[in-house]
Structures are given as structure tokens and as C-alpha cells.
Amino acid sequence: MTHDPTTILHDRLMAAMRAALGDALPASAEPMLAPSRSPKFGDYQANCAMALGKQLGKPPREVAQSILDRLDVADIAEPPTIAGPGFINITLRTDALASAVAALDRPGADGDLGIEAGKPTSTVVVDLCGVNLAKQMHVGHLRATVIGDALARLHERLGYNVIRQNHFGDWGLPIAMVTGAVLSKAKTGQLELSRLTLDDLEREYRAAQKACDVGKTEMMLIRKFSLGPKIEAEWAPASEDGESASARARATLVALQSGEQETFRVWQRISEVTLEACFANCKRLQANVTAEATAGESTYRDELGTVVADLEQRGVAIESDGALIVKLDEFGINEPCLIRKRDGGFLYATTDIAGIRRRVQDLGASRAVYAVDARQSLHFRQVFAAARKAGYARTPSGADAALVHAAFGMVLGEDNRPFKTRSGENVKLSDLLDEAVSRAEAAVAEKNPQLSAAERRDVAEAVGIGAIKYADLSSDRIKDYVFNFDRMLAFEGATGPYLQYAHVRVSSILRKAQEEFGVDTQTISGAHFAIGSPEEKALALELLKYAPVVRASAEACEPHRLCGYLYDLASAFARFFDACPVLRAPDESTRDARLRLTALTGRVLGDGLHCLGIAAPHRM
RNA sequence: GCCCCGGUAGCUCAGUUGGAUAGAGCAGCGGACUUCUAAUCCGCAGGUCGAUGGUUCGAAUCCAUCCCGGGGUGCCA
């Protein structure tokens, strides 16, 4: 039997509504039960009477009264009251609140911390990270990695079978350009493959790209504005250089595609070097992105032809101007999805359609989430629609898989422009992490000088990385956000460190309880909850919200909801901490009750931070 | 041109299927430490929710039309 007051009150209200209104009750009617905004309105409020009053043409207060007349909640609540236009305010009985909180703490029918686990699982695929071959990770990847990993963790926590997909950009012409460049430099001994670094690769990538681009824009402008044969002739040699570089790249691509050994081996080595750095960054970010979760675009190379042929054959795709497109007017999208160029080449939409097909048909996803830049929004609308049109998004059971673009905004600098270094370069992710950690270390050294050097480093790592992650996750992901070390690492206010500090205070109390009184977690979990003070009550009510918040956060793919909740919880705990002495409580049973409340708060904070991928240290 | 996303306190942001007096944090001012780690807590002040109309018992939230900012828009990814 459940102890969750929300469930109980919901069901009782529903029953009372039926009894009061009978057949007149609209089928869609809901009690509209929600936690009250302010303690003066009770603990919960039901807002259904106003809506029902409107639908039935009766005064809302009358409707509320007739529901109350048939509402039986005496076992868990004080007598409900009607307020304002027809709000039903409900205050829980303290014994009911205590047993509800106790149920959270005791895995059972309500699950651990109120989250049911072990339900038959369905599969959710989360696209995240999205690094590119031969390129450093930068701030853009930060969001794709941090948000994607948090969404994966949220779903995992709810018992879904989660498959992460690091959609690695390791295929195509630009990739062939670097591969060709590295290959020739390796041959001449200018580069040693075994000592290849990501910095080498990035340098080669840029050089190769420049070599192919040379003269290109100039020639385009000369022709566009008809600047004459003389100027054209001046630029012709440069343009030819660019052309021949591009031709070499195309030749390399052909070699790569046909699996020519030497080229392939170099490409593999480049891939290895890139991913090694990527995994190191992810590990440091505490984002679970590994080799098993990485599926390069190259892994689709044999599927693209099949997919395109299938689409063409079934008339899903049609020819237009020599290209192959999927029209999407029926989805309200004017721009068709281009899946094959006039020259026969495939596009990134082609790969992404194949990606949906793989996720749903092969991996068995009933939900595919993409943590990708909001600028790709049209692209995903097109690709999702095209996949639906093709039937690739239909699961074996015949249901439509949910396709979700968890779009996020840009990271901005203080000037409200895209976050760049002073020289206009992308900021390397590893530099960003280094700086956050070193700033955190300075702060930790100042705040807690007793820590050993080794412990200080560990704490700084947890705090610095946690600060960046919380800052990234805590506002609505669709919005751009301004990156500011001072603000995210400021140890006051709604930050990662604040949450971690709350967790540390819990640990500290529990440690002392053990040291001073020999009270350990076993003993505590047997203690009775007694909700006395307003601070204890507020904390208890906050704890009850945890499970619904995790569910809503995962459902909407919005980690910021959990962030906001954890801040509220940490701050309810801080008020409790301030007002209610635990170890120096007036008597032993109060002490143990408070210890248990403290321990439970610590568990929820730790669990919540874990869902966000933020470390929860025991000291700081 | 068309499409998408934003606009809430000086700054950074929340705001559940429309609900009570629009909430936090920072910055400002004033309090609380022989500490369970003050990386905290309490109080004060701060608002034309971009604008105007509409829908209704009730709108930051829904509808319409504008304004401002950002992004995207058929052969790059």
C-alpha cells in the first residue's frame, strides 16, 4: 500500500468528485492537486472546483463544498478548508507526514526515495557529446555532453534501459582531407603516428581545410561581380591549388571508402587519438561516455545506400533538380529534406535518418533523445518527419517511438557574444575545466585549510566540475547562457557548491553522530520520525516531492527542474540545520528523529546530484 | 520573405495542464557565529512579466497583431 499523500489525496478527491457530481462529472476532470505555494494555504491545494464550476455553471465554492462533504481524508489530513474563489486547502496530519517520509526511506511499494524501480523496461537512446574527428572538444560539446548525460542518468534512475550514442563525426570529405595530410606527412617523416597528438591533428585539419579553400571565395566573388578576365587570371593559380587539394581529398575519401589499408590505418589512428582525448574529458566531466557508447558516422557507411534505395523505391523520396529529397509538406515543413546530392553524395540528414532507423529498429528504442544545439532544430524536425514518413520510427509493436530534440542554446561570454577566447578562437574544454578546478582549489584552500593536499585536490575537482555542470544544467536548456566563473563558483546562492555543501553538512552530522554517540545509519533508519517544528515539516514536505520531480524532469527532458528542486531542498535543509539542533537536540528521541531526517535528506541530495552527474563529496 | 526560439527586479534566472499578494540568487542596506563546516540563516528594499487588443470568475501562462534580440532557411556538417 502506498504512503504517498499525493496519490492518496488524488484518489480520495477523485472519488469525492464522482460522488458529488455523478454523471455530470466531465470525463477529463482531475482534482488538480498540487503542493501549496505557501504554508498558509496548507500543504496541498486542489484547484478543481473552479474549473468544474465553470463547466457546470455552478458557483465554484458550492462545488468545492459538495466535494468536501463527500471527501474522506480524516486518516491522513486535518479537516480541509475552502478558501478564496474555491481552493480546497489540505493540511496533512503530522503522523501521516511522518509515515509518508518513513516510506521514502524504506524501499518498498513506493520504491526507494519514492521512485519505483524494476518496472518492465523500455529502451531510451540518448544522443550526446557529438565530437568530431581531429578536433578538440570546446564549449559547444560541453552542453551536448553534460545535458545528454544528465538526461541519460535521469532515465536510468527511472529504470529505463538507456543506450548512449556519441555520434562521432568521423566520416566525409573534411575527414579525408586531414587523413590525407597526415598520411603524407607520416610518409615523409614529418609526423610520427605513434606520437600523434590532438594538437597535431587540429593543426593539420586547419591547414588541410585552408589548402582546399584557397582561391575558392575569391573566384566566386570574381565571377559573381564579373570583375573581368584579368583579375580572374591573377587568381587562377591559387584557385588551381585549391582545386587540386580538393581533388586529392576526394581521392583520399575514395581510398578510405574502399578500405585501402594504409589510408584506413591512418584514419583509425586519428580516430583513436581524438577519442582518447574525448573520453578523458568526459571522464573528468563525470559524463558516462565510453567507446561502447560511441557510434561514428563511419559505422553508417554501408547503411546509407540501403536506406536511400529503400526510400527511393517506395516513393518516400523523389528526385528534384537532380537531387533526391523527401517532401514534408504534410508535416507542416516547407523545406524538403535533402538526402542525396546531385553528385550522388549523401548528406548529414541521410546519416541521421539511418540513425533513427538504427535506434528504433536495431536498438529497440521507444524513445530517442538528441542533446544537440538548438541551431539544428529545423534539421531535426525534417529528419524526424522523414523517418516517420518512411516508417523507420515505428517500433515492432506498431507504436510510434518518441523522437525528441533536447535542444540547447549557446554558451555566451560576458559580452553576450558566443564564448570565445580573446583572439576569437573556440575555448578548449580541457582549459575551461582546468581553470574551474584551479579556482575551486584556491577557494577550498581558503575555506578549509585543514584538508590535506591530496584531499584538497579531490574536493577542488568535484567542486570545480560540479560548478560548471550545475551552471549549465540549471537554466532552461533552450536558452543561451552567459558563462561566468565568478558566478558559478561563488559559494553563495544557487550554485553547484551550495548543493554540495548541504550534502557535506549532512555527512558531517552523521559522522559526528557515529563518533560521539555511536549512532550509525542502521540505528537511524529504525528511528521514529517526529515532525515538530515548521522547519522539519517544510523539509519533510520537500523530500516528498523528489520522485515526481525526477519523473517530470526526465519526461520533459529538462534537467533544470531537478536542479531547481535540489536547490529548494538544500535550502530547506539549511533552514532546518539553522533552527533545529540535531546532535544537541533536547532529548534522544528527537535527536534520532532529526538524525533520520538528516540522513534521508543526504540520500535524496546525493541521489539527485547523481542524476545530474555532479559529485557529492563528504567533506569540502 | 518564410520558419523556429527568446524578451519576467539593476544583473543572472525560476514560474507545474490558466490559480490566491509574480518567486529565487547576485549586487545594495540591516541583523545572527565560544558552529552540528557562517561555502549558512533571518529581515528590508527592488516589477507596466517587450507593447496593444481579446478570451474569463481569474492571464507571465491561451488567442491575434505588432516591437526588439538571436538562430535557421535545397546540394557543408
Side-chain angles (χ1 to χ4, degrees), chain A residues 28 30 32 34-38 40-41 45 47 50-51 53-54 59-60 83-87 89 130 132 169 171-174 297 320-325 332-343 345 347-349 351-352 373-379 381 407 409-410 412 416 443-444 446-448 450 463 471 474-476 478-482 484 486-495 497-498 500-502 504-513 516 548-549 552 556 560-561 563-564 567-568 570-571 573-575 577-585 594 598 619-620:
Chain A
S28 62
E30 275 291 312
M32 301 174 79
S36 294
R37 269 182 191 279
S38 152
K40 70 185 160 206
F41 300 134
Q45 60 181 54
N47 302 338
M50 279 86 74
K54 183 170 9 183
F87 294 99
N89 291 339
N132 294 305
W171 206 241
L173 196 62
E297 286 175 352
S320 165
D321 284 337
L324 198 63
I325 64 168
I333 302 171
N334 298 323
E335 300 85 347
C337 186
L338 213 60
I339 58 168
R340 191 180 64 205
K341 296 189 284 181
R342 209 179 321 192
D343 68 5
L347 295 110
Y348 76 137
T351 312
D352 279 328
D373 197 338
R375 284 175 295 189
Q376 306 292 328
S377 157
L378 174 60
H379 167 70
R381 285 209 301 143
M410 282 183 291
L412 305 177
N416 273 314
V444 172
E446 189 202 319
K447 302 271 184 189
N448 195 350
Q450 297 102 301
V463 169
S474 61
S475 64
D476 196 350
I478 195 64
K479 294 187 180 179
D480 295 344
Y481 86 96
V482 177
N484 181 326
D486 291 330
R487 196 163 47 233
M488 66 180 72
L489 280 160
F491 297 115
E492 48 269 335
T495 62
Y498 177 87
Q500 291 171 323
Y501 180 60
V504 163
R505 300 222 276 191
V506 168
S507 300
S508 179
I509 290 181
L510 297 179
R511 197 165 50 235
K512 289 218 159 97
E516 292 177 24
V549 167
H560 81 283
R561 297 190 189 208
C563 289
Y567 176 75
D568 289 342
S571 107
F573 176 72
R575 279 190 285 274
F577 184 92
D578 213 58
C580 308
V582 177
L583 298 177
R584 277 183 266 122
R594 288 179 178 170
T598 300
R619 292 175 206 265
M620 64 190 271

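Chain letters run A, B, ... following the sequence lines, proteins first and then strands; every chain starts at 1.
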Checklist line | Below 4.0 Å: OP1/OP2 of C41(B) and any side-chain N or O of Y498(A) | finding: yes

Note to self: Between the base of A77(B) and the side chain of E297(A), is one N or O donor paired with an acceptor at under 3.5 angstrom?
What the structure shows: no

Margin query: Without decimals, in angstroms, what is the distance between I478(A) CD1 and A14(B) P?
Written below: 12 Å

Notebook entry, point to check: Between C4(B), G19(B), C75(B), which nucleotide gets closest to the side-chain atoms of R342(A)?
Noted result: C75(B)

Next item on the list: Provide, to the nearest angstrom, the distance between the CG atom belonging to L378(A) and the C1' atom belonging to G74(B).
Entry: 11 Å

Next item on the list: Please determine, for U61(B), whether a Watson-Crick or G-U wobble partner exists with both distances under 3.5 Å, and give it or none.
Entry: none

Item checked: Side-chain N,O (H379(A)) to OP1/OP2 (U73(B)) below 4.0 Å -> no

Check: Atom CG of L489(A) to atom C1' of U12(B): distance rounded to whole Å?
Finding: 15 Å

Notebook entry, point to check: At under 4.0 Å between heavy atoms, what does N89(A) touch on the DNA or RNA strands: base, sugar-phosphate, or nothing?
Noted result: base

Checklist line | Presence of donor-acceptor pair under 3.5 Å, side chain of S320(A) and base of G74(B) | finding: yes

Note to self: Going by centres under 5.5 angstrom and planes under 30 degrees, do the aromatic ring of F41(A) and the base ring of A20(B) stack?
What the structure shows: yes

Note to self: Rounded to whole Å, how long is the line connecting atom CZ of F577(A) with atom C1' of C42(B)?
What the structure shows: 16 Å

Next item on the list: Could you check how far OH of Y501(A) sits from P of G25(B), rounded to whole Å?
Entry: 17 Å

Notebook entry, point to check: Is any N or O donor-acceptor pair between the side chain of Y348(A) and the base of A77(B) shorter than 3.5 Å?
Noted result: yes

Notebook entry, point to check: Just to confirm, is there a sub-4.0 Å distance from OP1 or OP2 of A20(B) to any side-chain nitrogen or oxygen of R37(A)?
Noted result: yes

Check: For the base of U21(B), is there a side-chain donor-acceptor partner from K40(A) under 3.5 Å away?
Finding: yes

Note to self: So, OP1 or OP2 of C42(B): does either fall under 4.0 Å of a side-chain N or O from R575(A)?
What the structure shows: yes

Note to self: With a 4.0 Å cutoff (strictly under), does any side-chain N or O of K479(A) reach OP1 or OP2 of A14(B)?
What the structure shows: yes

Next item on the list: Name the pairing partner of U40(B), where a pair is Watson-Crick or G-U wobble with both distances under 3.5 Å, or state none.
Entry: A32(B)

Next item on the list: Check the distance between G71(B)'s P and Y481(A)'s OH and give it to me in whole angstrom.
Entry: 18 Å

Checklist line | Sidechain-backbone polar pair: S474(A) side chain, C563(A) backbone, donor-acceptor under 3.5 Å | finding: no

Next item on the list: Figure out the NZ/P separation between K341(A) and G74(B), and round it to whole Å.
Entry: 14 Å

Next item on the list: Measure distances between side-chain N and O atoms of K54(A) and base N and O atoms of G58(B), and say whether any donor-acceptor pair falls under 3.5 Å.
Entry: yes

Checklist line | Rounded distance in Å between the C1' positions of C57(B) and C2(B) | finding: 40 Å

Item checked: Spacing between E30(A) atom CD and G19(B) atom C1', to the nearest angstrom -> 16 Å

